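Below is one structure; the comments refer to it alone.
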Amino acid sequence: MNTSKMAQRAALSAAILVSAQASLAEEPIKVGMMLPATGTYAKLGNNIKNGFKLYVDEQGGTLGGRQIEYVEVDSEANPAKAIDNVNKLIKQHEVDVLLGSVHSGVALAMAKRAKESGTVLIVPNAGADNVTGPLCAPNIFRTSFSNWQPGYATGQAMAEDGHKTAVAITWKYGAGKEMLDGFKESFEEAGGTVVKELYVPFPNVEFQALLTQIAAAKPDAVFAFFAGGGAVKFVKDYAAAGLKDAIPLYGTGFLTDGTLEAQGADAEGVKTALHYADALGTPRDDAFREAYAQAYGEQPDVYSVQAYDAAQILGIGLEATGGDIANKETFTAAIRNATVDSPRGEFTMSSSHNPVQDFYLREVTDGVNKVVRIASKSLSDPGRGCRMK
Ligand code: PHB
C-alpha cells in the first residue's frame, strides 16, 4: 500500500471512530432501578432513588458525557418476583446498568443474573454477604455494606461498652441472620455470650411475645436488626414494654436511620453502629445534606448516601471510558482503584468490590444519630468465597 492510501485509510478509520463516539454520546445510559416502592422498605427505596438522582443532577444530568435515563420497577422487596423483574430490565428494557436492591434476597437474584449476563450491577443497599462473596464479579459493585460489617462493628461496640451477655432479635431472613452472625463473631471474640436468638418472620411486626422473653432473660443488652417501618414499630414497642430504661438497646444503624421522626422520644439513647451518622460536620457531608434538603425538602439518611455514591462510582467508570460502558476492563479498573469522596467519609473498594469503611457508634440524642466514637476503623468484609483478587 502506498503512503497516500495508508493516509486515506487512517483518515477513514479516524472518521469512523469519531462518528461511533458521536453516536455513543447521543445514546443515553439506561439505569434500571429495581427498588421497593411499596411495603415496609418503601421509604428506603424512595431515598435511594433521590440520592442517586441528586448526584446525576449535580453533574447536569450526564455522567462521562452520557445522558442518564431511568427505568423503574417496583421490587416489592419480594425475592419470589426478583428474577422476573430483573429479566424484564435486562431483556425488555435492555438497561446498561442495574441499580438495586434494598432486600438481600432480591439482590441475590440480581447478582446472579448480572453475573450471567455481564450487565453492570451497583447495589445501593442490600447487604447479602454472597454478593461480594461467591457471587462476586468484575461487573458487580456495592456502595453500601455487607451484612457482616455493621453486625461485626455493633458487637465490637457492645463488648467495649462492657456488656457480657446479650439477646439478639431480628427478622428471619438472610440480612438479619448474617448481621446476627457478624455481631456474634465479634461479641464472642471479645468474651461475650449470646444467651438467646429470637426471630420474627419478615416483614411481620408482632413483637410482644418476644419482648416478654427478653424481659425474662435479663441480658446486659439487646442486639436488634429491623429497618424501615418495622424498625419504627420495634423501637416504639421496646419502650412501651418498659424495656428502654432496663436493658440497653443496640443494633445495626438501620434501627434508627431514616426512622427517628416517627420513633420520637422512644428512640432516645438507642445505640447503633453504621458507616454514616447525622451530624458528621465535615464540609463534604454538610454540602451534601444541604443540597439534598433543598432538592427534596427533608434530611437524607444512610440510604440516600449509599445511592449518591452509587451514582458517583458509575460516574467514575464512565469518565474513565469516555462514556463507553462496554469497555469493561477500564470501567472496572477505574472503580477498583478509586477513592470515593463520600458524604460518609472517603472509602475504597475491597478486592471483592465492597466498601472498606469506618463504622461509627452512634447514640440517638435530641432526635439525631450522633457519633459517640469510631466503633471499627477501615472495616473490610472478609469476602469469603470470592475468587477475585
Ligand atoms: C437487606 O435486606 O440487606 C437490608 C434491608 C434493609 C436494611 C439493611 C439491609 O436497612
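Note that ligands are numbered from 1 as they come in the structure, with each ligand's atoms numbered from 1 the same way. This is a predicted model, so every value here is computed, not measured.
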Practice task
Using a strict cut-off of under 4.0 Å between a residue heavy atom and any atom of ligand 1, list the qualifying protein residues by chain and number.
Solution key: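 Ligand 1 is contacted, at a heavy-atom distance under 4.0 Å, by Tyr41, Leu44, Val102, His103, Ser104, Asn125, Ala126, Gly127, Phe145, Asn147, Tyr173, Ala175, Met179, Phe225, Ala227, Phe254, Tyr303.
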Handout entry: Lys233 charged N/C atom sitting above Phe226 aromatic ring, 6.0 Å / 45°
Key =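 That pair does not qualify as a cation-pi contact.
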Pair [X] and [Y], ring centroids less than 6.0 Å apart:
X	Y	answer
Phe223	Tyr250	no
Tyr360	His275	no
Phe183	Tyr152	no

Problem - Counterpart residues, salt bridge (Lys or Arg N to Asp or Glu O under 4.0 Å), relative to Glu178 (two or more places apart) - result: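 Once residues adjacent in sequence are excluded, Glu178 has no partner under the salt bridge (Lys or Arg N to Asp or Glu O under 4.0 Å) criterion.
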Handout entry: Step-by-step ring-ring contact (aromatic ring centres under 6.0 Å, His included) determination, Phe202 to His103
Key = CA-CA 11 Å; Phe202 176 84; His103 184 290; 5.1 Å; yes
